[in-house]
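Right, one structure below, let's go through it.
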Amino acid sequence: MAPPLAAPRFHAAALPLRPQKVPRWRRAARPNDEDYYLIDAPESIGDGFSFSGGKYADGPSKSDEWFAQGRMVKAHPVYGNKGKAKDPIFGLTMGAKSQSSDDVFRWFCVEVGSSSNPYVLFIHGFPSQAYSYRNVLPIVSDKYHAIAFDWLGFGFSDKPQPNYGFDYTLDEYTSSLESLINVIAPDKLSIVVQGYFAPIVVKYANEHQDKLNHLILVNPSITDKHAKLPSTLACFSNFLLGEIFSQDPLRASDKALISSGPYMMKEEDAMVYRRPYLVSGSSGFALNAISRAMKKDLKVYIESMRNILSNDSWKTKTTVCWGLRDRWLNYDGVEDFCGSLNHNILELPMAGHHVQEDRGEELGNLVKRILSG
C-alpha cells in the first residue's frame, strides 16, 4: 500500500459569512442533543462553481484525515482527448478538477486489514462517498482486507466534465468497475454494494462469477417501482435547473442523505460530503450527468439485474440486507422476489436507505457474520 498522500488544504472564503434561515428539511430530529448535527452553517462562497454552502476551516478537518488514510489508484483508460473541458452553462474552460487525467483515471481508495486476509470490496451508492463506510471498515478489518472507493465523479476520485473522457453512463460505470477491481483485487473477493449502483455491480458480477465469493446487496434498487428516482435525486436531471441544483452543496449532499432515512449528520461529517461541491463545479456536473443516465437506463438495468439473479446460471452466494426505514425505496416486493430464489434477506429495522450511515457498526458485524457463513 502506498504511503498516505498529503491532504489537500481548503481555506476560508474572503467574503463575509451571512446567516440564513434553516429550511425544514435541514433540521435535525433531535435539536436538543448537541452531539447531533443541525445544518445551520452560514452561507459562504467557495473557490469553485458552487452557489451556496457551508463553512471552510483553516485547521485540520475530517476531509483531511480521511484523505490521509487512502491512496490514489489508476484504473480505466480515458476514452479520448477532446481538448479542454468547458462548463455547459457559460462555456468557460473548467478548472483542473474537471479535466480528464492524461491517460488513466484516478480513484480514491481506502484499505484496512491485512492483505493476507480475504478481500471484501465496499461500494457506495448514489449519491455518496466511500466515507459512508468509515464506521464499517474498522469492524471488518480484523478478519478481512476491506477496501472502499469513490466512484468516478464522487469524493476524491477524478471528476471529468461529461463528454471529455467519461460520460457517466451505466455501461461506462460497469466497465470502469471491472478495470478498478482488476487493479486492487486481483484474486477472489466478496462485494458489498449499497443503493442505486447495485444493478451495475450485479451486471459486473454476472460476467465474473468465478471471481466472487459472496455478493451482499444493501437496499438495492431491485423492483420495478425502484426504477423511478426519488424527487431528491430526479431534480438533478431537470433541464437547465439540474445543472443549477447540482451545484448546491446542501441540496446535493446534505438533503440527499437526510431525506432518505433517519440519518442525522454531525457538522464535521457533513463538511466531508459538501467538500467536493464547495471546491469545484466538477462534482455538480458529474452528479447532473449520472442522474440523467439513471433516469434513462436504470429501468433496463434493474430488469437485467432481476433476470440475472433469477437465472439458473447465477451461482454466487447472495444476501440482501434491507434498512426498513428507507424513504426512497419501497420494501414491497423485495421479500417475495428474494424468497422465491432462496436468496438470504436480512432486515435492519432502524436503518434507512444509507444503512452504512445509519447503522455502520451493525452493518459491519452483519457483513462479518454473512461472510463467515
Side-chain angles (χ1 to χ4, degrees), residues 1-2 4-5 7-8 10 48 61-76 78 96-101 104-112 120-137 146-162 165-166 168 170 172-185 191-198 200-201 204 218 246 249 252-253 256-257 269-291 293-294 354 356-357 360:
M1 179 172 171
L5 300 173
F10 314 118
S61 69
K62 284 286 186 179
S63 288
D64 300 325
E65 295 171 4
W66 179 247
F67 186 81
Q69 293 181 43
R71 65 185 178 113
M72 302 303 293
V73 174
K74 288 189 174 184
H76 197 62
V78 177
K97 293 181 181 298
S98 292
Q99 307 297 335
S100 297
S101 305
V104 182
F105 289 114
R106 296 163 300 181
W107 307 62
F108 177 71
C109 300
V110 173
E111 301 184 39
V112 298
V120 55
L121 184 63
F122 289 90
I123 302 178
H124 71 78
F126 166 63
S128 187
Q129 298 179 31
Y131 184 71
S132 64
Y133 287 107
R134 64 194 177 280
N135 295 323
V136 177
L137 297 180
I147 306 173
F149 68 88
D150 289 331
W151 283 106
L152 295 178
F154 297 91
F156 287 109
S157 291
D158 277 352
K159 308 171 191 67
Q161 181 72 2
F166 195 79
Y168 301 95
L170 304 195
E172 283 179 303
Y173 270 120
T174 303
S175 60
S176 67
L177 175 63
E178 178 179 2
S179 299
L180 178 65
I181 291 178
N182 288 342
V183 173
I184 63 177
I191 295 179
V192 179
V193 57
Q194 180 267 327
Y196 288 98
F197 279 115
I200 293 172
V201 174
Y204 162 82
V218 182
S246 63
S253 60
L257 287 169
D269 293 324
M271 284 306 300
V272 179
Y273 286 107
R274 296 176 196 155
R275 176 254 169 210
Y277 302 94
L278 287 167
V279 299
S280 170
S282 57
S283 293
F285 290 125
L287 178 63
N288 174 249
I290 182 58
S291 180
M294 287 279 183
H354 293 95
Q356 66 270 36
E357 287 286 3

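The backbone N or O of F122 lies less than 3.5 Å from no partner atom in the side chain of Q356, so there is not a single donor-acceptor pair. A donor-acceptor contact shorter than 3.5 Å is absent between the side chain of S157 and the backbone of L152. Judged purely by atom type and a 3.5 angstrom limit, H124 uses its side chain to pair as donor or acceptor with the backbone of W151. No side-chain donor-acceptor contact under 3.5 Å links S291 to the backbone of N288. No donor-acceptor pair under 3.5 Å is formed between the side chain of Y133 and the backbone N or O of G360. Not one N or O on the side chain of D150 forms a donor-acceptor pair closer than 3.5 Å with the backbone of F108. Counting only distance, with no hydrogens or angles, the side chain of N182 and the backbone of E178 share a donor-acceptor pair below 3.5 Å.
Using a 4.5 Å heavy-atom threshold, the side chains of Q129 and P276 count as touching. Contact annotation: the side chain of H76 never approaches that of E172 to less than 4.5 Å [non-hydrogen atoms, C-beta and beyond]. The closest side-chain heavy-atom distance from I123 to L177 is below 4.5 Å. Side chains of P127 and Y273 form no contact here, defined as non-hydrogen atoms less than 4.5 Å apart. Under the 4.5 Å side-chain criterion, counting only non-hydrogen atoms from C-beta, L170 is in contact with M294.
Remark: of the listed residues F154, F166, F149, F149 is the sole one forming a ring pair (Phe, Tyr, Trp, His ring centres under 6.0 Å) with W107.
When every heavy atom of F156 is checked against every heavy atom of S63, the shortest pair comes out as CZ-O, 3.8 Å. Nearest approach of C109 to I184, heavy atoms of both residues: SG-CG2, 4.4 Å.
Residues passing the side-chain contact (heavy atoms from CB on, under 4.5 Å) test with A286 are Y168, sequence neighbours excluded. Contacts of V183 classified as side-chain contact (heavy atoms from CB on, under 4.5 Å), with partners at least two apart in sequence or in another chain: V73, A75.
How far NE2 of H354 is from OG of S132: 7.0 Å, rounded to the nearest 0.5 Å. Here the CG atom belonging to L257 is positioned 7.0 Å from the OG atom belonging to S253, to the nearest 0.5 angstrom. For the atom pair I147 CD1 and L180 CG, the distance stands at 8.0 Å (nearest 0.5 Å). Distance CD/Q69 to CG/L137: 8.5 Å, rounded to 0.5 Å. Summarising the geometry, atom OH belonging to Y204 is positioned 10.0 Å from atom OG belonging to S179; distances are rounded to the nearest 0.5 Å. Of the inter-residue distances, the one linking R275 atom CZ with S61 atom OG reads 9.0 Å to the nearest 0.5 angstrom.
Judged as a salt bridge (charged side-chain N to carboxylate O under 4.0 Å, His left out), the pairs with a partner in residues 122-134 (not counting sequence neighbours) are, in order, R134-D269, R134-E357.
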